Number of protein chains: 2
Amino acid sequence: MKTAQPKPCRARRYLPILEWGRSYDGQALSSDLIAALIVTIMLIPQSLAYALLAGLPAEMGLYASILPLMAYAVFGTSRTLAVGPVAVVSLMTAAAVGAIAAPGTIGYATAAITLAFLSGVILLALGLFRLGFLANFLSHPVIAGFITASGLLIAASQLKHILGIPAEGHSLTGLIASLARNLGQTNPYTLAIGLAALAFLFWTRKGLKPLLLKTGLPPRAAELLARAGPVAAVAVSILVTWGLNLADRGVSIVGAVPQGLPPFTLPALDPGLWRELFLSALLISIIGFVESVSVAQTLAAKRRQRIVPDQELIGLGASNIAASVSGGYPVTGGFARSVVNFDAGAETPAAGAFTAVGILLAALLLTPLLYFLPNAVLAATIIVAVLSLVDLSILKRAWSYSRVDFAAVAATILLTLGFGVEIGVSAGVALSVALHLYKTSRPHVAEVGLVPGTQHVRNIHRHTVETSPALLTIRIDESLYFANAAFLQDLILDRVTCDQPIRHVVLMCSAVNEIDLSALDTLEEINRRLGEMGIALHLSEVKGPVMDRLKRSHFLDQLSGEVFLSQYDAFRRLTGPHDPARVDPAAAGA
Amino acid sequence: MKTAQPKPCRARRYLPILEWGRSYDGQALSSDLIAALIVTIMLIPQSLAYALLAGLPAEMGLYASILPLMAYAVFGTSRTLAVGPVAVVSLMTAAAVGAIAAPGTIGYATAAITLAFLSGVILLALGLFRLGFLANFLSHPVIAGFITASGLLIAASQLKHILGIPAEGHSLTGLIASLARNLGQTNPYTLAIGLAALAFLFWTRKGLKPLLLKTGLPPRAAELLARAGPVAAVAVSILVTWGLNLADRGVSIVGAVPQGLPPFTLPALDPGLWRELFLSALLISIIGFVESVSVAQTLAAKRRQRIVPDQELIGLGASNIAASVSGGYPVTGGFARSVVNFDAGAETPAAGAFTAVGILLAALLLTPLLYFLPNAVLAATIIVAVLSLVDLSILKRAWSYSRVDFAAVAATILLTLGFGVEIGVSAGVALSVALHLYKTSRPHVAEVGLVPGTQHVRNIHRHTVETSPALLTIRIDESLYFANAAFLQDLILDRVTCDQPIRHVVLMCSAVNEIDLSALDTLEEINRRLGEMGIALHLSEVKGPVMDRLKRSHFLDQLSGEVFLSQYDAFRRLTGPHDPARVDPAAAGA
């Protein structure tokens with residue numbers, strides 16, 4: 001045994017690339033290149049599809065997967081996080097930008113670029129001021145409810161592409177009503193392609209990899225082939241659409257996608273637009289950060305690495321600013337692609353940079369081939385990806401654990417489905433905070449007595465304990481602060497008003513971690529009122545930091561009773577032969 | 001000694017008049033009549049003055065002091081609370097209604113009546129749904145700061161009447177700038193009357209009563225005469241203004257006040273207006289309720305009576321609805337007048353009803369006499385009354401006790417002075433909640449070790465204690481919930497990542513009153529990640545209710561370590577010869 005001190009330890013800040021770049025070698029390079037290849041193959045159809053989900057031209061999805069990845073490689077702390085457009089943020093972009101401009105207009109694209117810029121600035125600011133903890137106010141039930149509801153919303157929003165009909169709405173009910181109205185216009189060719197793509201993609205996700213492994217393929221090759229499923233669907237559907245001339249039969253296609261480097265773009269410098277987009281940008285930043293950090297932490301822990309959340313904010317901020325100057329839209333770390341990157345053996349953020357090069361090559365070389373790509377196939381890619389986000393088991397889990405947590409999940413799911421992503425997540429956060437405050441405003445309080453023959457005290461309602469008619473001991477299981485101070489006062493005054501023999505009230509503070517100024521005022525008030533009734537107020541088991549603070553006030557001078565180190569001392573002194581004389585009401589009430 | 005159970009005890013609800021009315025007798029009648037006389041004398045000039053402050057015709061102040069008092073006498077639980085127009089609520093009414101209509105218009109008066117109606121409905125609803133605890137979220141620092149800043153704002157707003165110049169603004173800076181611009185137009189006669197009234201009123205408040213007592217007058221008569229100061233100022237100034245014809249010299253006078261019963265009025269049934277006024281009505285309701293309940297509780301405690309906060313909401317709600325149907329505006333329990341009512345010997349709410357009759361007689365008989373009353377005298381009445389609300393010592397007190405509480409007071413004062421009452425109090429509440437959440441999101445955490453030769457554990461940074469390099473024990477002094485779960489996880493993972501010999505982590509939960517679902521998820525995550533590193537997670541001193549809940553989850557099945565009843569048990573078991581074998585990473589990480 002020794003007298004230990006924790007050792008100081010902080011990961012280097014601001015430019016993590018300096019740390020891993022120094023020891024980069026050929027082995028890491030080959031691992032990163034292989035991972036980058038697999039992620040690139042996965043990311044090409046996803047980038048196109050998420051741009052479609054966001055209501056943006058397909059090429060903006062590719063652009064959002066180039067420079068932002070480079071920026072994250074320089075500033076991010078996760079070795080394996082794969083950044084780019086993701087489903088939930090794309091949906092939130094559509095909701096935010098759709099309120100300002102019509103999809104397909106220049107104003108819509110400009111607003112999306114501005115949203116990425118604002119989101120980048122917000123993330124950078126949160127990182128520089130170390131405000132990453134703000135994300136903690138998104139409770140797990142709210143996040144789980146929000147992601148599940150978003151997955152359902154996204155899937156519903158893509159059904160129009162599978163059916164080949166128009167539909168609108170930011171809520172599930174709105175979308176379903178809109179789909180139902182237009183169901184008669186369903187295009188059979190589009191539906192056939194969409195259903196075939198859905199079936200194929202579900203199969204590649206569930207059944208292909210085991211099959212390939214059974215054929216004796218090495219696991220990494222099997223992984224690569226299985227991940228190439230969407231690319232295969234894209235390639236085949238392009239050939240079919242082109243060969244059968246389906247575009248002339250009403251199958252909606254991607255059409256001309258510009259070929260070349262990402263353009264240099266600038267966000268709109270319009271304060272009015274900034275104001276309109278600010279709240280959306282804040283929500284996107286926080287949701288994106290939470291999603292990104294949770295996957296980054298999970299992956300880092302597996303290799304006993306650490307990520308630095310405040311530096312992650314800077315990394316994601318840089319990525320979004322990079323998106324805004326290169327024709328992209330808001331990005332964050334994606335769950336599925338990061339896991340793929342990790343499993344494929346990525347060792348450093350260089351893998352992300354290599355992925356960016358892969359997407360850049362696609363933007364330079366492959367875009368003409370995408371002309372005949374049916375939107376239904378992209379929609380199928382999205383649906384298959386997001387349905388894995390939907391997890392209604394959180395409802396059951398929350399119900400069995402705590403009704404309060406259940407209320408937060410259920411409300412977030414219902415509000416997101418009913419009123420869209422922004423209202424859903426905002427209301428979820430507000431509700432979590434309100435429910436937490438409500439719980440702590442009515443804390444658990446126990447009247448305690450002495451277990452006979454011991455020094456232990458226990459709740460009088462749960463155990464047979466000794467008490468005295470003149471002594472009321474209350475243990476409060478919560479810090480005392482403004483929201484629960486009045487509760488305590490009502491409780492004590494109700495008890496002593498109804499129970500006349502009481503002459504001593506002891507407040508047992510073993511679980512009181514803080515007493516704020518409101519609670520101090522209330523304690524003074526309780527002391528004064530009890531004094532006016534001839535009852536002394538005592539405290540017991542007050543913690544060190546709380547006692548330090550009480551000593552800085554005048555409360556201890558005014559206190560009509562004593563402060564006991566232990567509740568047993570209080571019992572012995574106040575019920576034994578040393579029972580102090582009844583306090584003088586006039587003196588105590590001063 | 002006996003095994004005690006608290007006795008049930010609840011005051012009768014909904015119609016407290018049934019309780020005190022049953023035992024009403026001649027002695028109570030005579031006490032109530034005397035108290036009512038004193039309060040009536042005090043309330044006549046105050047009612048006129050506060051109507052002026054609210055920007056309303058003087059008679060509306062009288063009307064607000066008639067039917068609302070009757071309603072409170074029936075529904076209220078305080079024996080001595082005196083209801084009517086009060087300074088802060090009048091200022092808030094001016095701020096709310098002034099944003100909708102210009103003072104002096106019909107629309108302005110209608111909006112004030114509608115505000116009283118909405119406020120009444122909100123108070124009733126809060127009372128019926130027992131939501132009175134919502135008022136607890138106004139922390140004492142916020143209330144103290146708000147009342148002080150409101151007092152300063154109100155005093156500043158009345159200076160224009162003392163000077164006889166126009167001035168506008170809802171903030172202190174706006175008011176002062178406006179006064180400074182128009183200072184050249186000061187009316188010397190108005191100023192002379194205003195200053196004389198101020199000097200006289202300050203003297204009656206401070207110097208008159210002791211003087212009267214010295215002359216041998218009985219205390220109650222001295223009190224009555226001292227309280228009549230404002231009435232004397234009103235009477236003398238009317239005579240002077242009429243005799244010297246000062247109205248023709250530019251002295252602003254009250255003018256024609258309608259004579260008669262309060263009119264029957266109805267709030268505007270305009271949903272648009274209701275929406276505009278709703279937030280203001282909510283703030284007025286809560287501020288009024290807090291002010292009213294705090295004085296009612298203080299006075300009730302002195303006679304060992306209890307008030308029922310939820311029924312108080314119903315009493316105040318009924319008063320405000322009564323105000324809205326009888327030409328009044330929002331009312332609440334006033335601090336000064338309730339103390340006067342109490343000191344003058346009021347025994348039951350009947351004193352309030354008798355006061356209402358007194359004011360009714362004034363409205364029927366005295367209003368023609370008020371024609372020549374200078375507004376400067378009413379302004380002086382207000383200034384003298386509100387300056388007693390200003391108490392900047394709260395700043396010093398908060399500073400010495402806690403920086404967080406100081407921040408809340410200072411921000412509330414500055415925001416109220418700078419941006420008006422509504423923004424001030426809203427921002428104060430938001431800031432209090434945010435600061436509380438921030439504090440609990442970074443809880444106090446101690447690494448603990450065993451005090452040699454004892455069973456006690458203490459902070460390793462404060463005491464010389466025994467520890468083991470393989471054992472990390474963390475005591476967390478806060479409930480674990482969504483806002484601080486990630487903090488705990490970062491802390492533990494940082495420590496074990498930097499301190500390789502650690503093989504056991506014990507979380508000491510003696511001050512953990514709750515673990516919510518987010519924190520449970522985080523504990524599972526910590527357990528899994530530690531398991532992947534070959535480190536076991538243990539808990540110790542878990543409270544009963546927390547343990548009950550953990551047993552409803554799967555956490556305890558997954559936990560790689562044990563749950564110890566006491567931290568000493570944990571030390572003995574994990575550092576002694578019985579140190580369990582290093583956990584198997586693969587098994588623990590399942």
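Just so you know, these numbers come straight off a predicted model, no measurement behind them. Throughout, a chain's letter reflects where its sequence line sits, starting with A, and its residues are numbered from 1.
- In this structure, CG on Leu131(B) lies 8.5 Å from OH on Tyr438(A), to the nearest 0.5 angstrom.
- Two residues are said to be in side-chain contact when any heavy atoms from C-beta on lie closer than 4.5 Å; Leu517(A) and His140(B) fail this criterion.
- Interface residue Ile515(B): backbone and side-chain heavy atoms are both found under 4.5 Å from chain A.
- Here Phe482(A) is the residue among Phe406(A), Phe482(A), Phe487(A) with the most heavy-atom pairs under 4.5 Å with chain B.
- Taking the ring-ring contact (aromatic ring centres under 6.0 Å, His included) definition, one finds that Tyr481(A) meets it with His436(B), sequence neighbours left out.
- Between Asp516(B) and Lys439(A), some side-chain heavy-atom pair lies under the 4.5 Å cut-off.
- Proximity of Asp477(A) to Lys543(B): side-chain heavy atoms (C-beta onward) are separated by under 4.5 Å at one or more points.
- For chain B, the nearby parts of Asp490(A) are the backbone and the side chain; heavy atoms of each come within less than 4.5 Å.
- Formation of a donor-acceptor pair under 3.5 Å by the Arg549(B) side chain with backbone atoms of Tyr401(A) is found in this model.
- For chain A, the nearby parts of Asn136(B) are the backbone and the side chain; heavy atoms of each come within less than 4.5 Å.
- The CZ atom of Arg552(B) sits 8.0 Å away from atom OG of Ser402(A), with the distance rounded to the nearest 0.5 Å.
- Across Gln489(A), Glu514(A), His444(A), the residue that shares the most heavy-atom pairs under 4.5 angstrom with chain B is Glu514(A).
- Taking chain B as the reference chain and counting heavy-atom pairs below 4.5 Å, the highest number among Arg442(A), His554(A), Glu525(A) is found for Arg442(A).
- For chain A, the nearby parts of Val433(B) are the backbone and the side chain; heavy atoms of each come within less than 4.5 Å.
- Gln297(A) touches chain B through backbone and side chain together, each having a heavy atom under 4.5 Å away.
- Contacts of Pro443(A) with chain B are absent, with no heavy-atom separation under 4.5 Å from either backbone or side chain.
- Between Asp521(A) and Arg397(B), some side-chain heavy-atom pair lies under the 4.5 Å cut-off.
- In this structure, CG in Leu138(A) is found 9.5 Å from OG in Ser518(B), a value given to the nearest 0.5 Å.
- Contacts with chain A were tallied for Ser400(B), Ser510(B), Ala398(B), Ala486(B); Ser400(B) has the most, counting heavy-atom pairs under 4.5 Å.
- Across Ala483(B), Ala485(B), Ala144(B), the residue that shares the most heavy-atom pairs under 4.5 angstrom with chain A is Ala483(B).
- Counting heavy-atom pairs closer than 4.5 Å to chain B, the top-ranked of the candidates Pro545(A), Ser479(A), Ser139(A) is Ser139(A).
- No part of Asn484(B) comes within reach of chain A, as not one of its non-hydrogen atoms sits under 4.5 angstrom from that chain.
- Interface residue Leu520(B): only side-chain heavy atoms are found under 4.5 Å from chain A.
- If you measure heavy-atom distances from Ser441(B) to chain A, the contacts under 4.5 Å come from the side chain alone.
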